[in-house]
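The structure appears below as structure tokens.
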Amino acid sequence: MNKYFLFTPGPVNVAQNVREAICKEDICHREVDFDRLLQSIEKKILPIFGARETNDYRAVFITGSGTAANEAILSSVVGDKNILILSNGEFGDRLHNISKILNKNTSVLEFGWGEKLDLDEIEAHLKKHSIDIVAMVHHETSSGMLNSLEEVGALSKKNGAMFIVDCVSSAGAEKIDMKKCHISFCSTSSSKAIASYSGLSVVVGQTSEFEKLKHLPVKSTYLNLSRFYDFIKNHSQTPNTPAVHLFYALEQTLANILDEGIEERYASLKNKANMLRQGMLDLGLKFLIDQKDMCSVLTTVLVPSHVNVGVLRQKLRERAIIIYEGKGCFKNKVFQVGNIGEISLQDIQFFLDSLKDILHDFSALNIQNTRIDTALTLSMTEATPNQLGQSPLSVQAR
Ligand SMILES: *Cc1c(COP(=O)(O)O)cnc(C)c1O
């Protein structure tokens, strides 16, 4: 059924029952059928955020990818207050870029990409400046670094700031306790560790904070969190037309997580990550960050000097394996291997065996790099058979 093994941080290979759920009956989203579907999904998703009592926390559902949920939070909870973004990678930078457009009192503390957040520096900053809201990413997907909710949450509380978190790539894989970590709002999406199709995102928030949103200025119509809250609270509905069939799939994947058990799911993902990591270490590969700082969904691997990452990805693709390449300052320096979705231990072994073969080819025959690369370059520019017949040496290697 699947063309590819998606060893990516999302999208994922979905479970068979999730694939079937998306084909369920057609319903009208303004009928009671959808009200019930939404109630069921909300009830199932809250435990992933440690929020079992629906009274204290609510979840709202947005048709749109993870960025929609982040933009909904950043456009709806800040008003004219001071927001500080903590960034140590691409997704922290994205939060900053979104907030800058929406909120004039946006500031940022930047740590390097792949560096840890410096808690002393954050504390000193919070003491010195008047900050009302602190925002950060839980799992910084660009490096694989898991930032500490507990520590930053405690610092925010101590300094009287609200704490909001992008949990897009960690929810469903890592423990998130909103109450214990003093998180007022956090976001996630359907297509990462939650393991459904892409296209839905979620904001989970404290009910008391949702209630206050109606007093704040409206900065977006579609992504107005206050409206989402109002609709779910009063009508069990979404303000605009939802992608109904994606909701069926989301309900099924959440049921799968609860059936397996949340803790068991975390342990299973960790086990897969450990197998993947040990296997890659055994092949002589090295990682961008310390294993103890990694999230259990993704491993960021340094590209060995004799390997061209474009060629590596193509060679894996020929074996139906898809991995991710590094972005921004990590481009060509790292590749990323995910272990979420329907990936079995056998699939991981298949990946490791394939990687071993390909790395062996790279070392045994260094010219391979040039030759495949040349063929790739030509095929990407729609080469004629004549051109492909040329000696690789006549085409400049990148
Ligand atoms: C994937 C991701 C997002 C959302 O990106 P989309 O392109 O909107 O799906 C946001 N934050 C993090 C940390 C992510 O990994």
Side-chain angles (χ1 to χ4, degrees), residues 6-12 14 48-49 60-75 85-102 108 110-111 113-117 134-149 152 163-174 176 183 185-204 220 222-223 225 243 246 249-250 253 269 273 288-289 293-300 322-328 330 334-341:
L6 298 176
F7 281 89
T8 62
V12 299
V14 300
I48 291 178
F49 297 87
V60 301
F61 299 86
I62 304 171
T63 294
S65 73
T67 304
N70 285 338
E71 198 154 333
I73 298 176
L74 290 168
S75 66
I85 315 283
L86 309 176
S87 174
N88 57 346
E90 179 193 357
F91 290 97
D93 287 359
R94 277 202 209 175
L95 289 182
H96 179 220
N97 287 332
I98 295 170
S99 187
K100 257 190 331 201
I101 293 171
L102 296 163
V108 64
E110 287 174 324
F111 305 88
W113 282 37
E115 300 294 327
K116 286 199 200 197
L117 300 180
V134 173
M136 74 168 199
V137 174
H138 185 203
H139 170 224
E140 177 47 75
T141 321
S142 61
S143 64
M145 173 86 69
L146 193 66
N147 294 322
S148 169
L149 294 179
V152 180
F163 187 33
I164 62 185
V165 188
D166 168 345
C167 292
V168 173
S169 61
S170 57
E174 295 282 346
I176 298 167
I183 301 169
F185 291 98
C186 65
S187 59
T188 194
S189 90
S190 52
S191 63
K192 296 210 168 152
I194 303 263
S196 185
Y197 293 99
S198 54
L200 294 183
S201 57
V202 188
V203 175
V204 184
S220 165
Y222 190 78
L223 297 174
L225 263 193
L246 294 177
L250 180 59
T253 199
L269 285 169
L288 177 73
I289 59 172
D293 298 325
M294 292 181 194
C295 183
S296 57
V297 300
L298 184 68
T299 306
T300 306
I322 304 295
I323 61 166
Y324 238 50
E325 63 178 348
K327 292 186 195 158
F330 294 147
V334 305
F335 61 88
Q336 296 191 295
V337 188
N339 54 269
I340 49 176

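Atoms within each ligand, like the ligands themselves, are counted from 1 in listed order.
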For residues [X] and [Y], determine if any side-chain heavy atom of one lies less than 4.5 Å from a side-chain heavy atom of the other.
X: Ile98; Y: Thr67; value: yes
X: Lys192; Y: Val297; value: no
X: Ser187; Y: Ile73; value: yes

For ligand 1, list all ligand N or O to protein N or O distances below 3.5 Å, rounded to 0.1 Å.
residue	atom	partner	partner atom	Å
ligand 1	8 (O)	Ser65	OG	2.5
ligand 1	8 (O)	Gly66	N	3.4
ligand 1	8 (O)	Thr67	N	2.9
ligand 1	8 (O)	Thr67	OG1	2.5
ligand 1	11 (N)	Asp166	OD1	3.3
ligand 1	11 (N)	Asp166	OD2	2.6
ligand 1	15 (O)	Thr141	OG1	2.5
ligand 1	15 (O)	Lys192	NZ	2.7

Check step by step if side-chain hydrogen bond (donor to acceptor under 3.5 Å, both in side chains) holds for Glu174 and Ser296.
-> CA-CA 7 Å; Glu174 295 282 346; Ser296 57; 3.0 Å; yes
Output the distance between atom CG (Asp166) and atom CG (Leu95), rounded to the nearest 0.5 Å.
-> 5.5 Å
What residues, two or more places apart in sequence or in another chain, satisfy side-chain contact (heavy atoms from CB on, under 4.5 Å) together with Asp93?
-> Ser87, Glu110, Trp113
